[in-house]
Amino acid sequence: MFQAKKNKSDLSLFLHNQKLLIGFIVMLACLFLEIAFPAQNSAQLITKNVFFLIILPGIYIKIFFEKNISDFGFNLKENKIAMIWGSGLGLLLLATFFMLIRYSGFRAGYGLSTAASSNFWFFLFYEVIIVNFTVFINEVFFRGFLFFLLEKEINYRAIFVQAMVYFLTLLFIGAFSWQTVPFILFAITGGILAYKTKSFLYSYFLHIFVIIILDSYIIYLAR
């Protein structure tokens with residue numbers, strides 16, 4: 001009975017907290033604008049991602065919540081906790097990818113370009129620029145602004161809400177594929193790590209490390 005009342009209270013808090021609700025809607029609006037706004041080339045794509053998923057939410061948080069960005073995960077405070085949880089989640093991710101490679105169609109569906117597979121310098125460019133940027137944007141928006149906006153009010157449930165928003169975004173743009181499987185898993189592990197460390201930077205470091213290992217292993221298997 002106590003648990004049922006507590007859950008009801010949490011839901012009521014979310015629905016009746018206008019500041020939280022408006023903030024959540026603003027974050028969804030930023031995400032929608034990023035999807036809807038056209039981009040003709042890579043430079044425009046990077047520009048719109050930075051504007052709609054970093055600058056605009058950051059301005060909103062600063063003005064309407066009067067908080068520093070450190071309150072929304074831009075900090076490196078919990079080093080020991082990050083090492084413990086980061087190591088455990090990293091091993092879990094690597095083990096999951098190993099199982100997917102061996103027992104599913106992941107290896108065939110998760111394709112790297114021929115240039116990235118055959119040229120070290122292009123691979124380095126691909127990982128450091130393209131993959132790194134994609135991971136960072138996801139972490140800042142979903143495990144940064146969106147997660148900590150929710151976490152302050154609904155606690156650990158923010159892990160599942162921000163992950164669900166990411167899943168629904170992929171569904172909306174028709175991007176479910178083997179190529180997005182790592183980022184789907186990152187939405188969950190990143191939420192857990194952000195909750196434990198109160199930072200999205202640790203999940204960013206973990207995920208870029210894991211995906212570089214994954215991509216390197218995929219290339220190794222192709223030879």
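What you see is a predicted model, and the numbers here were worked out from it, not measured in a lab.
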With the side chain counted from C-beta on, respond yes when [X] and [Y] share a heavy-atom pair under 4.5 Å apart, and no when they do not.
X: Leu150; Y: Arg157; answer: no
X: Ile159; Y: Phe147; answer: yes
X: His207; Y: Thr189; answer: yes
X: Phe183; Y: Val135; answer: yes
X: Glu78; Y: Lys196; answer: no
X: Val26; Y: Phe64; answer: no
X: Ile208; Y: Ile211; answer: yes
X: Thr134; Y: Asn49; answer: no

Quick check: are there more than 12 heavy atoms from other residues, nucleotides or ligands sitting under 6.0 Å from [atom1] of [X]?
X: Phe176; atom1: CZ; answer: yes
X: Phe133; atom1: CZ; answer: yes
X: Phe122; atom1: CZ; answer: yes

Spacing of [X] atom [atom1] and [Y] atom [atom2] [to the nearest 0.5 Å]:
X: Thr197; Y: Asn79; atom1: OG1; atom2: CG; value: 9.5 Å
X: Ser104; Y: Met99; atom1: OG; atom2: CE; value: 9.5 Å
X: Leu92; Y: Ile188; atom1: CG; atom2: CD1; value: 10.0 Å
X: Leu193; Y: Glu139; atom1: CG; atom2: CD; value: 9.0 Å
X: Phe186; Y: Leu93; atom1: CZ; atom2: CG; value: 6.0 Å
X: Ser117; Y: Leu221; atom1: OG; atom2: CG; value: 11.0 Å

Please state whether the rings of [X] and [Y] are parallel, tilted or perpendicular, taking 30° and 60° as the class boundaries.
X: Phe123; Y: Phe120; result: tilted
X: Tyr217; Y: Tyr220; result: parallel
X: Phe106; Y: Tyr110; result: parallel
X: Phe200; Y: Phe74; result: tilted

Worksheet item: side chain to side chain contact (heavy atoms under 4.5 Å, CB included) between Leu214 and Ile101: does it pass, once the steps are laid out?
Response: CA-CA 10 Å; Leu214 171 64; Ile101 289 170; 4.1 Å; yes
For [Y], is there any backbone N or O sitting under 3.5 Å from a side-chain donor or acceptor partner on [X]?
X: Thr180; Y: Ala175; answer: yes
X: Ser199; Y: Gly73; answer: yes
X: Arg107; Y: Leu100; answer: no
X: Lys152; Y: Asp71; answer: yes

Discussion item. What verdict does the side-chain hydrogen bond (donor to acceptor under 3.5 Å, both in side chains) test give for Asn75 and Tyr202, after you've listed the backbone C-alpha separation in whole Å, the side-chain angles of each residue and the deciding distance to 0.1 Å?
Written reply: CA-CA 9 Å; Asn75 65 75; Tyr202 293 115; 5.9 Å; no
[X]-[Y] co-clustered via ILVMFWY side chain contacts under 4.5 Å:
X: Trp178; Y: Ile130; result: yes
X: Phe160; Y: Phe24; result: yes
X: Leu28; Y: Val161; result: yes
X: Val140; Y: Ile129; result: yes
X: Phe148; Y: Ile81; result: yes

Could you tell me which non-hydrogen atom of [X] sits nearest to which non-hydrogen atom of [Y], and how far apart they are?
X: Gly190; Y: Ser203; value: CA-CB, 3.7 Å
X: Leu149; Y: Leu20; value: O-CD1, 3.2 Å
X: Ala187; Y: Arg143; value: CA-NH1, 3.4 Å

Worksheet entry | Of Phe32, Phe37, Tyr60, the residue whose pairing with Phe52 passes ring pair (Phe, Tyr, Trp, His ring centres under 6.0 Å) | Phe37
Discussion item. For Phe97 and Ile213: C-alpha separation, side-chain torsions, deciding distance, then whether side chain to side chain contact (heavy atoms under 4.5 Å, CB included) applies.
Written reply: CA-CA 10 Å; Phe97 288 132; Ile213 292 178; over 6 Å; no
Discussion item. Would Leu112 and Tyr126 count as a side chain to side chain contact (heavy atoms under 4.5 Å, CB included) here? Give the steps.
Written reply: CA-CA 10 Å; Leu112 292 172; Tyr126 175 76; 3.8 Å; yes
Worksheet item: Between Phe141 and Phe145, is the gap from one ring center to the other below 6.0 Å?
Response: no
Discussion item. Checking side-chain polar atoms at under 3.5 Å, does Asn132 have a donor or acceptor matched by the opposite partner on Tyr204?
Written reply: yes
Item to complete: Begin with the C-alpha distance, continue with both residues' side-chain angles, and end with the deciding distance and a verdict on side chain to side chain contact (heavy atoms under 4.5 Å, CB included) for Tyr166 and Leu171.
Response: CA-CA 9 Å; Tyr166 183 72; Leu171 183 63; over 6 Å; no
Fill in: Lys/Arg N to Asp/Glu carboxylate O, Lys198 vs Glu151, below 4.0 Å
yes
